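Report on the following structure.
A note on names: the letters A, B, ... follow the listed sequences, proteins ahead of strands, and every chain is numbered from 1. All figures in this text were calculated on a predicted structure; none of them were measured in a lab.
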Amino acid sequence: MDAPHSDALLRELTAPQCEAVQHVDGPMLILAGPGSGKTRVVTHRIAYLLSQNIPDWQIAALTFTNKAADEMRLRLDKLAPGQKVWMGTFHRFCAQLLRRYASMVGLQENYSIYDTSDSKQAMKRATEAAGVSTTHASPDQIANVISKAKNKLITPDVMEGQMLSPKETVAAKVYPVYQRQLLTANAVDFDDLLLHVANLLRHSPELRGELDQRFRYILVDEYQDTNLAQYAIVRALSIDHPNLSVTGDPDQSIYGWRGADLNNILDFEKDYPSVKTVRLEQNYRSTPNVLRVADQLIRHNRRRKQKNLFTDNDEGEPVILRWFENGYEEADSIADEIVAAISSDLARPNDFAIFCRMNSLTRSLEHALRGRGVPYQIVNGVEFYQRKEIKDVLAYLHLVNNPGHDVALTRVINTPTRGIGAKTVQRIQAFADSHNIPMLEAARRAEQIESLAKRSVTMVKKFVTIYDRIAARATAPLEELMRCVVQESGYDKFLEKNSDDADDSSPLGNVDELISAAVDFDRRHPDDGSLEAFLEQVALVSDTDAFEENDQRVTLMTLHASKGLEFPRVFIIGVEDDLLPHKRSKEDDAQFEEERRLLFVGITRAKQWLQLSCCKRRMIRGDTRPVIASPFLNELPLEEMKRIESTVQRNYFDHDIDQSGGGDWDLPEIQIRDEVQADVSFDFGANQDEDVLSADDQAREPAPTFDAVAEESSPQEVKSQSIPEIGALKTAADLMSGNRPPLTAFREGTTVRHYDYGEGTILAVSGLGPKRMARVQFADGEHNFRLAFAKLEVVGP
DNA sequence: CTTCCCTCCATTTTT
DNA sequence: TGGAGGGAAG
């Protein structure tokens, strides 16, 4: 290991940054405003610790996302090549500890990790087994209550003794049953990873001491998002060696609804009286214009720590606040603006991001962008690992790894269909429950299940035989095992029968890709080629991380997903009452303040340019309703912002609604309810044919209707109308068509040709599904491609 | 047991 | 508006 020289590390850091970096022993709280170079400070500090001859294995850096951990590792590697600091998510940290100490909590070391849908499934079963009526609580609600309880380290027996709401009472009855079933299945859910480890540390002082000793320097990122379980873990590891340093910003806490406890950061100074507190308040990201808006807004929160954000950046353009007639106009206008900026070479697609409160709001944007041939990506669309065919194949593997994985068994026992119906499964389940054995075991003893028909017994037995054939290969390389699953189970034939198109979003293509992921894994882990490790990887690495900033595409995402990112130009849409402070968040102050922080996070993503917009009405769940502006808008420095009432008039409705309005609009009382009700009969889309454009309308061009725009956009038109050519991409429409080789053809070492860069060799492939990426070495350097969209030809092996 | 249709539901979602 | 899950028919 190369210990970097400490002087070099401190160069180019501001005074507060230096102060944080040079802190070695004792607790430290870094209050880091948005864009204040937080990651830089953390990585430099780790490098500094190493330079002070602290062994790398004594340091652990905990993050919430894999993405953050990867980023940190990458940057640290540049400062201190070859170090072996433990870096990763809380969940992975716990998963690894739990592998080792599984027996102490009643698990075996090959335990399975249930993902959210697995756990829902299990919860459903537990609810049935608990025999409680579900009229007062949906499975989702029960799951929520239990998850929250786990995050607060509340065990089933403790919960039972508490004062509870009706919903919680139901959940309290399900909880112990659910936990027992998980244990029987040798499985944990995401929350359990934390819960088990927290309990372990609490109940075993020896182990706690040992681990405290081992991880002497602990760094936690995004500390404002920790829940009680995480807090307890970190605390337990910082008693004898309280060298805990946490980084966070109370103003960016937006996961309270998932159990994050703002008190952890607000009270950190109370927990550790000797704490050193460092404030990073200089912002390197945004213009003063953007920053002032953010600051004014967040000042309205009461539960926070005062910060003084400032920046040396250029003033930039004023923040825009824009008011549209409806969601379609909003989408069209934004898309038009993006097209204009791109085609006049002022910006590239990846300079833009569009944020919204709800995923469903991206739909009209997608439509508008697609119609104009603007390439875009939606972060958190359908995830690869959530697809049915992938879950199916993985379920077989889960079952091989852990025969107790009942959720997996339920999933595959009749997939592909082999004549084992719901009734049969239910009976097996009941038998398993009454004997306290896994369902697979019950299936083996099918003939002992009295309620089962002869025919069913035969079918079940047949399934067990198939399973055994697969399980016999458990220790084979993953690729082989996976192919075996697909063949033996008959899944390949099943897929072929059900797949019509052979492009890469087809089930067959996806399974192919899963196999190629297995190949990658085999290659990277030649020695321990373990199924267990692969499954853990899959469970803990979601593909949300695969957001690609170098891709030439506009990014659409929720405000939540935007945290930690930055973009030159940002649009935040739907800044409306009941949407941005969401309707369901208005009951208590804590939630309301969290909504405000959400907007704060969105605003502070913008580097140079920002537009907030709201509409007079918006279609929500099928019907169009009048809408009023968000109360948060009143809290912004309106006088210095550029306010625009919709400029482009589009003929969405058969008649127009109050275009007069003129002049400045008064935000505080945007109450259009009355006008609209007076003017009700709008019913867009439906009557457009009857009401052919009048001369008046035609004069006021452009007046394409929403549908017309979409219809007209044939690929040719798209080309002429918009972006000539952006980087290595032409238009999205271009790329979506045409014959491309299957994604699995791209492997490490494959020679490919790109029409711009010439021939190159693939250095690495990562990610799955539409997010699969390749790093390619060309004569003039390395380039990254998203395989589903890249124009790459396969030349050699 | 499977399939198809209808009804009901609908923030946010790092792991 | 759209998707997922439950119930009735083949």
Could you state the atom-to-atom distance from [atom1] of [X] to [atom2] of [N] in whole Å?
X      : N      : atom1 : atom2 : answer
A/R418 : B/dT2  : CZ    : P     : 11 Å
A/W257 : B/dT14 : CH2   : P     : 8 Å
A/Q386 : B/dT13 : CD    : P     : 13 Å
A/Y114 : B/dT15 : OH    : C1'   : 17 Å
A/L598 : B/dT14 : CG    : C1'   : 14 Å
A/H91  : B/dT13 : NE2   : P     : 16 Å
A/D115 : B/dT15 : CG    : C1'   : 10 Å
A/D140 : B/dC8  : CG    : P     : 18 Å

Problem set entry | Flag, side chain of A/R304 to backbone of A/D251, donor-acceptor distance under 3.5 Å |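 A pair under 3.5 Å: no.
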Problem set entry | Side-chain donor/acceptor contact of A/R584 with base of B/dT12 under 3.5 Å |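 Absent.
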For this session: Give a yes or no on whether a donor-acceptor pair under 3.5 Å exists between the nucleobase atoms of B/dT12, that is its base, and the side chain of A/R357.
Result: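 Side chain to base: pair found, below 3.5 Å.
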With the side chain of [X] defined as its heavy atoms from C-beta on, choose the nearest nucleotide among [options].
X      : options                : answer
A/Q591 : B/dC1, B/dT11, B/dT13  : B/dT11
A/N359 : B/dT12, B/dT15, B/dT11 : B/dT12
A/T424 : B/dT15, B/dC1, B/dT12  : B/dC1
A/R621 : C/dG6, B/dA10, B/dT13  : B/dA10
A/R363 : B/dT11, B/dT13, C/dG2  : C/dG2
A/D225 : B/dT14, B/dT12, B/dA10 : B/dT14
A/T65  : B/dT2, B/dT15, B/dT12  : B/dT15

Exercise. Can you say whether the rings of A/H405 and A/Y114 are parallel (under 30°), tilted (30 to 60°) or perpendicular (over 60°)?
Worked result: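 Ring orientation of A/H405 relative to A/Y114: tilted.
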For this session: Using the six-membered ring for Trp and the full ring for Phe, Tyr or His, decide whether A/H582 stacks on the six-membered base ring of B/dT11 (centres under 5.5 Å, planes under 30°).
Result: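 The ring of A/H582 is stacked on B/dT11.
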Problem set entry | Pi stacking test for A/F90 and B/dT15: under 5.5 Å apart, planes under 30° |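 A/F90 vs B/dT15: stacking no.
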Would you tell me if any nitrogen or oxygen in the side chain of [X] comes within less than 4.0 Å of OP1 or OP2 on [N]?
X      : N      : result
A/S360 : C/dT1  : no
A/N66  : B/dT15 : yes
A/T417 : B/dC1  : no

Exercise. Mind checking the C1' distance from C/dG6 to B/dT11? Whole angstroms is fine.
Worked result: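 C/dG6 and B/dT11 have their C1' atoms separated by 25 Å.
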Using a 4.0 Å heavy-atom cut-off, does [X] contact any base of the nucleic acid, only the sugar-phosphate backbone, or nothing at all?
X      : value
A/I420 : sugar-phosphate
A/E594 : nothing
A/D191 : nothing

For this session: Tell me, with the steps shown, if A/E389 and A/Y491 meet side chain to side chain contact (heavy atoms under 4.5 Å, CB included).
Result: CA-CA 9 Å; A/E389 61 276 13; A/Y491 207 79; 3.7 Å; yes
Problem set entry | Nearest-nucleotide comparison on DNA chain B, the residue closer to the 5′ end among A/A422 and A/G622 |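 Nearest nucleotide further toward 5': that of A/A422.
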Exercise. Do A/F592 and A/F632 make the cut of ring centroids closer than 6.0 angstrom?
Worked result: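 Ring centroids of A/F592 and A/F632 are less than 6.0 Å from each other.
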Exercise. Would you call B/dT11 syn or anti, using the 90° rule around 0?
Worked result: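 Glycosidic conformation of B/dT11: syn.
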For this session: Quickly, which of A/D118, A/D406, A/D392 forms a side-chain hydrogen bond (donor to acceptor under 3.5 Å, both in side chains) with A/R411? Name it, please.
Result: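 Checked A/D118, A/D406, A/D392 against A/R411; only one passes side-chain hydrogen bond (donor to acceptor under 3.5 Å, both in side chains): A/D392.
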Exercise. Can you tell me how far CG of A/L193 sits from CD1 of A/I113, rounded to the nearest 0.5 angstrom?
Worked result: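 With rounding to 0.5 Å, CD1 (A/I113) is 5.0 Å from CG (A/L193).
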Exercise. With no hydrogens and no angle check, do the side chains of A/Q224 and A/E222 hold a donor and an acceptor under 3.5 Å apart?
Worked result: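 Yes - a donor-acceptor pair under 3.5 Å links their side chains.
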